[in-house]
Amino acid sequence: MAALMLRWSCLGKRWVLACIDGGSRHGRGAAIGLTSRRKRGQSSVAQQPLIAVQKSRKGEHEWAAVVGLEIHAQISSNSKLFSGSQVHFAAPPNSLVSFFDASLPGTLPVLNRRCVEAAVMTGLALNCRINKKSLFDRKHYFYADLPAGYQITQQRLPIAVNGSLAYSVSVGKKPSQVSTRTVRIKQIQLEQDSGKSLHDEPRSQTLIDLNRAGVGLLEVVLEPDMSCGEEAASAVRELQLILQALGTSQANMAEGQLRVDANISVHHPGEPLGVRTEVKNLNSARFLAKAIDFEIKRQIHELENGRKILNETRSFDDKLGCTMPMRDKEGKQDYRFMPEPNLPPLLLYDTASLPPGADPQQVINIDWIRERLPELPGKTREKLIQQYGMLPEHSFTLLNEVGLLEFFQNVIKETRAEPKKVTSWVLNIFLGFLKQQNLAVNESPVTPSALAELLNLLDRKAISSSAARQVMDMKRGNPRAINKLIGLVRKATLSRADPTVIKEILERKLSS
Amino acid sequence: MSSLLSAPSALREDALRRLKREMWARAVKLGLRSWVGWRRGFTSKADPQRSGRVTAEVIEHLERLALVDFGSLEAVARLEKAIAFADRLRAVDTDGVEPMESVLEDRCLYLRSDNVVEGNCAEELLQNAHRVVEEYFVAPPGNISLPKQDEQEPFSHI
């Protein structure tokens, strides 16, 4: 008999410390029941069912966590936001820096058209209202990687506001149990990136590389509509896919093109919101959910032990798996926002308001951009479901894995097999194979044509399903499987073919 | 005004009377406001430090934020005079007038094409640096915090 254990679980919008009997479904079911009853508006204790009363006697605490995100995405452009120096990931230090980026006196910002277009595209894709007039401001703070002492951003009147982002989370153990959530987008603004600091602790110095200083960023601010790490991670993943589909950002977290800061607080449902902390620089999809969940648990733990939460900035230490206060960010920062005096307001037009005879290089038409928006991931998934009759969770997996969708579509093109068969093979056997060998799709030894051919054989019933799987086995380099295949071919050729010749041909084909 | 000139004489007289009344009301309001503003300014001039208009806390806060050194009582007094001078803007009636965000508001914001035209001048840029390590600028580790007010040198009295 499994021992009673206390587990935190995120059920919808509630963090429930429930006494679960070895994770039995009964315990979980009761907790869900309690939550949904609350949602339906019944509040008085007397009305609660007996099970719930028993639960609270056992010490059930209900906390609600509130998570908001600030996501910075590097704009995919050739040159920087306000200067003509190059945007590139790896380059010798300080080689991609113009006089303006180094903040030398006498230099002025000149806005990059491509960055504005990227901001408008992203705003439209996220259902935002595009502000036809937006303004630039200076945000002042001192740090060695910010040579000017201020960052040009859009605090007063950003380029896009009031949008929404739909994402999906799993709500049960089965992959088919997914639910769609929406998070509101407060605003999208254009701003400058800062340079990079390399801390050299032993020599007590910091090395500064300004290659990244001045690169255009899109800051996407998500309202605190999320309640746990998984929801936040799913929302970020969906935003990543949208940005990649639009081409406005490569959104690669490992290369620092997508950075996330989370604002987290906890409170009892029905009571006002708690003090929030900011967890900065979450640069990995893997640690994003972990860091947020840790911080939620930490806050609950502190509050339950009678302590207070400080409104502070913390960072996540992935090795220790915990958040720590950041050194330089004590106290509330006063950024002394002021309008950027060197930049007039940014005016955008639509077809109706376009001034006649205007230089097309100097005006941006929102309608023109809207008509040319690429297909968004949500739409792609819809089409996959309709065209190939696959389940929604399959469409998610296809889009989630880099390059998998293209692979799938290439196989479909070259094979006569049924789409459902292709889906099953690609998602289960092929993907499983890749995961086992720890390979990305573009590193796969199996080409789409090879898989298509294999599926054709299967379709024609020339080989059996188990034989086809063995071919995949062979790609893993399993010698016994190769011999088995030789045996099969011999049987097929009615023992007329020479085994060594068969082996040669097979090896040639398998290594191609 | 142009519409006034082209209207029939009776209507013209009515409109003129109305206009005179409005202008008079505005002038009174204006006069009242500037008098109040002047009085406020007068109070602060009479008692710069102890009126609490710019407290020592605010000075310390500003010194940290902007990294300026207010070094003397005279500098703080000058700051207060500057604030009082700017305060007189409040005397102007701005009801129903859209604030101006930028003196450049009538100018077009020039949009540059996304081409690489600058950079590749690391050597030139590093020439200005006090210390350089392998083409990186060298800075002290993190931000060095300013000493607290009681640890600071007291104002030098001029």
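Because the structure is predicted, anything quoted here is derived from the model rather than measured. Naming: A, B, ... by sequence-line order, numbering from 1 per chain.
Summarising the geometry, atom OG belonging to Ser134(A) is positioned 8.5 Å from atom CG belonging to Leu109(B); distances are rounded to the nearest 0.5 Å. Considering CG of Leu207(A) and CZ of Arg131(B), their distance stands at 9.0 Å, rounded to 0.5 Å. Here Asn94(A) contributes atom CG and Glu134(B) contributes atom CD; the two are 12.5 Å apart, rounded to the nearest 0.5 Å.
Of the possible polar contacts, none joining the Arg112(B) side chain to the Arg113(A) backbone as a donor-acceptor pair under 3.5 Å is found. Asn78(A) places a side-chain N or O within 3.5 Å of a backbone atom of Asp114(B) that can act as its donor or acceptor partner. Not one N or O on the side chain of Glu118(B) forms a donor-acceptor pair closer than 3.5 Å with the backbone of Ser98(A).
Using a 4.5 Å cut-off between heavy atoms, Glu124(B) touches chain A through its side chain atoms alone. For a residue to count as touching a neighbouring chain, one of its non-hydrogen atoms must lie under 4.5 Å from one of that chain's; by this rule Ala129(B) does not touch chain A. Both the backbone and the side chain of Asn120(B) come within less than 4.5 Å of a heavy atom in chain A. Of the atoms belonging to Asn128(B), it is side-chain heavy atoms, and not backbone ones, that fall under 4.5 Å from chain A. Interface residue Leu81(A): only backbone heavy atoms are found under 4.5 Å from chain B. Only the side chain of Phe136(A) comes within less than 4.5 Å of a heavy atom of chain B; its backbone N, CA, C and O stay farther away.
When all heavy atoms of Cys121(B) and Phe99(A) are compared, the closest pair comes out as SG-CE2, 3.9 Å. Residues Ala122(B) and Pro93(A) share a closest heavy-atom pair of CB-O, 4.2 Å. Residues Ser204(A) and Pro141(B) come closest through the heavy atom pair O-CD, 3.2 Å.
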Name every donor-acceptor pair, under 3.5 Å, that has one atom in a side chain of residues 342-350 of chain A and the other anywhere in the protein, sequence neighbours excluded.
residue, atom, partner, partner atom, Å
Asn342(A), ND2, Glu340(A), OE2, 3.3
Asp350(A), OD1, Ala352(A), N, 3.3
Asp350(A), OD1, Ser353(A), N, 3.0
Asp350(A), OD1, Ser353(A), OG, 2.9
Asp350(A), OD2, Lys132(A), NZ, 3.2

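Sorted by first and then second residue, the ring pair (Phe, Tyr, Trp, His ring centres under 6.0 Å) pairs involving residues 83-139 of chain B (not counting sequence neighbours) form an empty list.
Within 6.0 Å of CD on Glu278(A) lie more than 12 heavy atoms contributed by other residues, nucleotides or ligands. In Met324(A), the CE atom is not crowded: 12 or fewer heavy atoms of neighbouring residues, nucleotides or ligands sit closer than 6.0 Å. By the 6.0 Å contact criterion, CZ on Arg336(A) is enclosed, its count of non-hydrogen atoms from other residues, nucleotides or ligands being greater than 12. Heavy atoms from other residues, nucleotides or ligands lying under 6.0 Å from CZ of Arg203(A) number 12 at most.
Contact tally against chain B (heavy-atom pairs below 4.5 Å) for Val110(A), Ile364(A), Asp101(A), Leu210(A): the top residue is Val110(A). Each of Lys80(A), His140(A), Gln362(A) has some count of heavy-atom pairs under 4.5 Å with chain B, and the biggest count is that of Gln362(A). The residue among Thr206(A), Val87(A), Asp200(A), Leu157(A) with the most heavy atom pairs within less than 4.5 Å of chain B is Thr206(A).
The shortest side-chain heavy-atom distance between Tyr141(A) and Leu65(B) does not fall under the 4.5 Å cut-off. By the 4.5 Å heavy-atom criterion applied to side chains, Ser102(B) and Pro339(A) are not counted as neighbours. Counting heavy atoms from C-beta outward, Gln361(A) and Ser113(B) have side chains that approach closer than 4.5 Å. In this structure, the side chains of Val116(A) and Leu111(B) come closer than 4.5 Å at one or more pairs of heavy atoms.
Between Lys133(A) and Glu101(B) there is a salt bridge, with a side-chain nitrogen of the basic residue lying less than 4.0 Å from a carboxylate oxygen of the acidic one.
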